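Structure provided below as structure tokens; questions to follow.
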Amino acid sequence: MAEYRDTIRVVSTIGLGLGSGMMLATSSLFLPILKQRSLTHSDKLNIWASLFHNGATQLPVLFVGSGVLSAVSAYLASAAPQGGSGFVAENRQSILAAASLLALFSAPWTRFVMWDNIQRLLTFQELAGSSAGVDKSPLVANDVDAQIHKWDMQHRVRIVTLSAAFIFSALELAA
């Protein structure tokens, strides 16, 4: 049973680390490109939509899966203590439960806080492909930069919570 418990802990930690890194890279490396004045609003929306769709197909499964695995690890930690001493070893179940909650937090945050803005950006992106175009409408064009910035700020909340989940999981694994 111990090898299954350890495998679950490792897989969960790796998933949280990979996902947090991917999300951090999106905001830190790719989104600054969208601030270049040489890009049209249509180009910005196409780049954002590509990043969004790539993340939307991979990250929800990764974080929900890692969150569930962290919850299973928390349950197993209480059923079969790992031993050891120190704060982390003595609070293994609580640390893993916190990692699980932080990992699972991104789903309701995305749905209830970010969703309206995401839909607006996707609508703008569809408009960018039409003959009307977002670059021809000054009202929409000015809103594109503001909406991408808003999405980035909301996205950073997910980065912080998922990075914290990874840190908790890694600390527990190292103890």
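Because the structure is a prediction, the values reported are computed rather than measured. What you see below is based on every heavy atom in this structure, not just the backbone, and it leaves out hydrogens, waters and symmetry mates.
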Testing the basics here: between Val113 and Gln154, what is the closest heavy-atom pair and its distance to 0.1 Å?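 Taking Val113 first and Gln154 second, the nearest heavy atoms are O-NE2, 3.7 Å.
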Is there a path of hydrophobic side-chain contacts, each under 4.5 Å between heavy atoms, that joins Ile47 and Val144?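 Same cluster.
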Reported CG-to-CG distance for the pair Asp116 and Leu121, which is rounded to 0.5 angstrom: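 If we round to the nearest 0.5 Å, Asp116:CG and Leu121:CG are 11.5 Å apart.
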Taking all non-hydrogen atoms of both residues, which atom of Gly19 and which atom of Leu59 are closest, and how far apart?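 That would be CA-CD2, 3.8 Å.
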Which residues pass the ring-ring contact (aromatic ring centres under 6.0 Å, His included) test with Trp115, sequence neighbours left out?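 Scan of Trp115 (ring-ring contact (aromatic ring centres under 6.0 Å, His included), adjacent residues dropped) gives none.
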Roughly how far apart are Asn117 CG and His149 NE2, rounded to 0.5 Å?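 Asn117 atom CG to His149 atom NE2 measures 11.0 Å (nearest 0.5 Å).
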Nearest-0.5 Å distance that lies between atom CG in Leu62 and atom CE in Met22: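 Leu62 atom CG to Met22 atom CE measures 7.0 Å (nearest 0.5 Å).
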Side chain proximity check, Trp48 to Ile118, heavy atoms < 4.5 angstrom: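 Answer yes - side chains close enough.
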Would Leu96 and Tyr75 count as a side chain to side chain contact (heavy atoms under 4.5 Å, CB included) here? Give the steps. CA-CA 9 Å; Leu96 288 169; Tyr75 173 76; over 6 Å; no
Side-chain heavy atoms under 4.5 angstrom apart, residues restricted to Ile, Leu, Val, Met, Phe, Trp, Tyr: same cluster for Val157 and Ile167?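 Shared cluster, no.
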Compute whether any side-chain donor of one residue and acceptor of the other, for Thr40 and Asp43, lie under 3.5 angstrom apart.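 Side-chain D/A pair, Thr40 to Asp43: present.
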Is there a continuous path of hydrophobic side-chain contacts, each under 4.5 Å between heavy atoms, that joins Phe124 to Leu51?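 Both belong to a single hydrophobic cluster.
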Report the distance from atom CD of Gln125 to atom OG of Ser50, rounding to the nearest 0.5 Å.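 Spacing of CD (Gln125) from OG (Ser50) equals 9.5 Å.
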With side chains defined as the heavy atoms from C-beta onward, is the minimum distance between Thr110 and Met114 less than 4.5 Å?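 SC-SC contact between Thr110 and Met114 confirmed.
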If you compare all heavy atoms of Ala165 against all heavy atoms of Ala103, which two are closest, and at what distance to 0.1 Å?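 Heavy atoms only, the tightest pair is CB-N, 3.9 Å.
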Check the hydrophobic clustering (I, L, V, M, F, W, Y; side-chain heavy atoms under 4.5 Å; chains of links allowed) and say if Leu45 and Phe52 are grouped together.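 Yes: a chain of side-chain contacts under 4.5 Å links Leu45 to Phe52.
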Check whether any side-chain heavy atom of His53 sits under 4.5 Å from a side-chain heavy atom of Leu122, and report yes or no.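 Yes, their side chains come closer than 4.5 Å.
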Closest contact, heavy atoms only, Val10 versus Leu173: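 Here Val10 and Leu173 meet closest at CG2-CD1, 3.9 Å.
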Could you check Phe87 against Arg92 for side chain to side chain contact (heavy atoms under 4.5 Å, CB included), going step by step and ending with a plain yes or no? CA-CA 8 Å; Phe87 178 80; Arg92 198 174 295 279; over 6 Å; no
Hey, what do you get for CG (Leu16) to OG (Ser169), rounding to the nearest 0.5 Å?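 Reported value, rounded in 0.5 Å steps: 5.5 Å.
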Can you name the nearest heavy-atom pair linking Ser70 to Ser12, along with the distance?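 So the minimum-distance heavy-atom pair works out to OG-OG, 2.7 Å.
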Would you mind reporting whether Leu102 and Phe166 have side-chain heavy atoms less than 4.5 Å apart?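 Contact flag for Phe166/Leu102 side chains = no.
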Between Val61 and Ile159, is there a shared hydrophobic cluster once you connect ILVMFWY residues whose side-chain heavy atoms come closer than 4.5 Å?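 Different clusters: Val61 never reaches Ile159 through Ile, Leu, Val, Met, Phe, Trp or Tyr contacts under 4.5 Å.
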Is Ser163 close to Leu24 at the side-chain level, that is, under 4.5 Å between some pair of heavy atoms?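 They are not in side-chain contact.
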Smallest separation among heavy atoms of Ser100 and Gly67, with atom names: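 Shortest heavy-atom contact: OG-O, 2.7 Å.
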Out of curiosity, Leu31 CG to Leu29 CG, how far, rounded to the nearest 0.5 Å?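 Atom-to-atom, Leu31:CG and Leu29:CG are 9.5 Å apart.
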Between the side chains of Asp143 and Arg120, is the shortest nitrogen-to-carboxylate-oxygen separation below 4.0 Å, so that they form an ion pair?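 Salt bridge: yes.
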Is the shortest side-chain heavy-atom distance between Leu39 and Ile33 below 4.5 Å?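 Yes, side chains in contact.
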Do the side chains of Phe168 and Val88 get nearer than 4.5 Å, heavy atoms only?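 The answer is no, as the side chains (C-beta and beyond) never meet within the 4.5 Å cut-off.
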Determine which pairs satisfy salt bridge (charged side-chain N to carboxylate O under 4.0 Å, His left out) with at least one residue from residues 150-166, sequence neighbours left out, and list them in order.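 Qualifying pairs: Asp152-Arg156.
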Side chains of Arg9 and Leu76: closer than 4.5 Å at any heavy-atom pair?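 Of all side-chain heavy-atom pairs linking Leu76 with Arg9, none is under 4.5 Å.
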